[in-house]
Amino acid sequence: KTLIKSYPNEPLLYNIRGACYKEIGQLKKAFKSFEKAVDLKPDYAEARYNLGVTLRELGKVNAAIKCYENTLAIKHSYPNVHNNLGNIFLELSRLDDAVDHFEWAVAYQPDFVEAHNNLGNTLLTIGRLDDAVESYKKTLSLKSDYPEAHNNLGITFQKLGQVDAAVKSFGEALTIKPDYVKAHNNLGNAFKELGQLDDAVKCYEKVLAIKPDYAEAHSNLGNA
């Protein structure tokens with residue numbers, strides 16, 4: 001604030017102040033700071049990105065989309081923007097758009113772990129199972145201790161009918177994150193599909209020991 005008094009037309013300072021406000025949870029003040037930075041420098045891609053993130057957190061989804069798209073018009077090679085847009089489009093069930101942006105994210109940043117996983121999630125949702133497997137494998141080649149990716153890979157293997165491989169993936173997830181209730185539940189489902197009912201019951205009981213109100217596990221246990 002002191003610097004801004006001395007340099008009231010410096011967009012960098014407004015961007016930094018916005019980041020500080022955002023860090024302490026004052027989103028409306030963060031928004032105003034990022035907006036001021038963009039007003040002073042319309043081609044300030046980083047400030048536009050920060051403005052988009054803040055708009056999304058404020059629940060202004062359409063405004064966030066427009067802000068991100070304007071950022072990409074300035075700097076298309078911005079992996080975080082593509083990833084964030086992909087996440088929004090995935091939530092909105094605009095799946096082809098989501099795939100497009102996740103693919104751009106990993107094209108510009110091949111080691112972008114979260115974007116590879118997000119791409120896998122979207123491909124899984126639209127039924128491109130083999131492609132989803134490849135995305136999850138790429139994710140795990142970059143970050144082998146990523147329990148969500150192991151779990152997602154297991155789900156995909158099970159949908160492909162590769163249940164033994166699914167069991168292995170769910171097991172990998174649980175080795176990394178022993179209290180991962182979704183993976184315990186999914187492992188139980190895989191064991192059930194294999195006819196290993198005792199093992200399935202143990203998995204569902206483990207879920208309920210960790211999270212007693214997990215409705216799906218109650219239902220699965222009752223049907224095991």
Side-chain angles (χ1 to χ4, degrees), residues 15 18-19 21-23 25-28 30-31 33-35 37-38 44-156 159 169 173 176-177 180-183 186:
N15 187 52
Y21 275 133
K22 187 173 179 300
E23 187 67 22
Q26 297 188 29
L27 295 181
K28 290 183 179 179
F31 166 78
S33 287
F34 294 136
E35 188 177 46
V38 170
Y44 195 169
E46 183 183 351
R48 283 190 181 274
Y49 166 72
N50 289 333
L51 182 60
V53 173
T54 307
L55 286 165
R56 180 71 182 94
E57 293 187 12
L58 286 168
K60 298 180 179 181
V61 177
N62 290 332
I65 291 172
K66 184 176 180 181
C67 189
Y68 284 139
E69 289 176 341
N70 288 338
T71 306
L72 293 176
I74 298 166
K75 182 181 178 182
H76 195 266
S77 58
Y78 207 139
N80 284 331
V81 176
H82 286 291
N83 185 62
N84 288 4
L85 263 178
N87 282 325
I88 292 175
F89 289 141
L90 180 56
E91 292 174 10
L92 295 174
S93 296
R94 291 174 54 178
L95 301 180
D96 289 340
D97 289 329
V99 169
D100 184 50
H101 283 288
F102 290 136
E103 286 181 338
W104 276 116
V106 299
Y108 286 126
Q109 186 178 332
D111 63 349
F112 197 161
V113 174
E114 291 79 8
H116 281 290
N117 186 62
N118 292 336
L119 176 58
N121 292 343
T122 313
L123 294 168
L124 173 59
T125 301
I126 63 178
R128 289 172 54 184
L129 301 182
D130 291 329
D131 292 332
V133 167
E134 292 307 309
S135 286
Y136 293 134
K137 286 183 175 179
K138 180 62 177 179
T139 304
L140 293 167
S141 73
L142 295 167
K143 183 176 173 61
S144 61
D145 60 343
Y146 196 154
E148 290 77 13
H150 284 291
N151 181 63
N152 294 337
L153 181 58
I155 292 170
T156 312
K159 286 182 177 292
S169 289
I176 300 163
K177 188 177 179 182
Y180 192 176
V181 291
K182 288 183 179 179
N186 291 336

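Just so it is clear, the values below take in all heavy atoms, side chains as well, and ignore hydrogens, waters and symmetry mates.
Between the NZ atom of K22 and the CG atom of N50 there is a distance of 7.5 Å, given to the nearest 0.5 Å. Atom CZ of residue F102 and atom CG of residue L85 lie 9.5 Å apart, to the nearest 0.5 angstrom. Between the CD1 atom in I155 and the NE2 atom in H150 there is a gap of 13.5 Å [rounded to 0.5 Å]. Once rounded to the nearest 0.5 Å, the distance linking CD of Q26 with OH of Y21 reads 6.0 Å. The CG atom of L123 lies 9.5 Å from the OG1 atom of T156; values are rounded to the nearest 0.5 Å. Taken from CG in N87 to NE2 in H101, the straight-line distance is 11.5 Å, to the nearest 0.5 Å.
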Ignoring hydrogens and angles, write down the donor-acceptor pairs under 3.5 Å from the side chains of residues 108-116, residues two or more places apart or on other chains.
from: Y108; atom 1: OH; to: H76; atom 2: ND1; distance (Å): 2.7
from: H116; atom 1: NE2; to: P110; atom 2: O; distance (Å): 2.8

All N/O donor-acceptor pairs, side-chain side in residues 59-70, below 3.5 Å, sequence neighbours left out:
from: Y68; atom 1: OH; to: V53; atom 2: N; distance (Å): 3.2
from: Y68; atom 1: OH; to: N84; atom 2: ND2; distance (Å): 3.1
from: N70; atom 1: ND2; to: K66; atom 2: O; distance (Å): 3.3

Anything under 3.5 Å between a donor and an acceptor, one on a side chain of residues 141-148, the other on a protein residue two or more places apart or in another chain? List them.
from: S141; atom 1: OG; to: K138; atom 2: O; distance (Å): 2.6
from: K143; atom 1: NZ; to: D145; atom 2: OD1; distance (Å): 3.4

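For E23, the CD atom sits in a loose shell: 12 or fewer heavy atoms of surrounding residues, nucleotides or ligands are nearer than 6.0 Å.
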Determine whether D97 and L92 satisfy the following criterion, side-chain contact (heavy atoms from CB on, under 4.5 Å), listing intermediate values before the conclusion.
CA-CA 10 Å; D97 289 329; L92 295 174; over 6 Å; no
How far apart are the C-alpha atoms of N15 and E46, what are their side-chain angles, what is the distance that settles it, and do they pass the side-chain contact (heavy atoms from CB on, under 4.5 Å) test?
CA-CA 8 Å; N15 187 52; E46 183 183 351; 3.6 Å; yes
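Judged as a side-chain contact (heavy atoms from CB on, under 4.5 Å), and not counting sequence neighbours, the contacts of S169 are L153, F157. With sequence neighbours excluded, no residue satisfies salt bridge (Lys or Arg N to Asp or Glu O under 4.0 Å) with K182. Listed by chain and residue number, N117, N118, Y136, N152 satisfy the side-chain contact (heavy atoms from CB on, under 4.5 Å) test with N121 (two or more places apart in sequence, or in another chain).
With contacts defined as side-chain heavy-atom distances shorter than 4.5 Å, the pair V81/K75 does not qualify. Using a 4.5 Å heavy-atom cutoff, the side chains of R128 and V99 are in contact.
Shown here for G120 and A132, the closest heavy-atom pair between the two residues is O-CB, 3.6 Å. Nearest heavy atoms, Y180 versus A173: CD1-CB, 4.2 Å. Closest of all the heavy-atom pairs between E35 and L51 is N-CD1, 4.1 Å.
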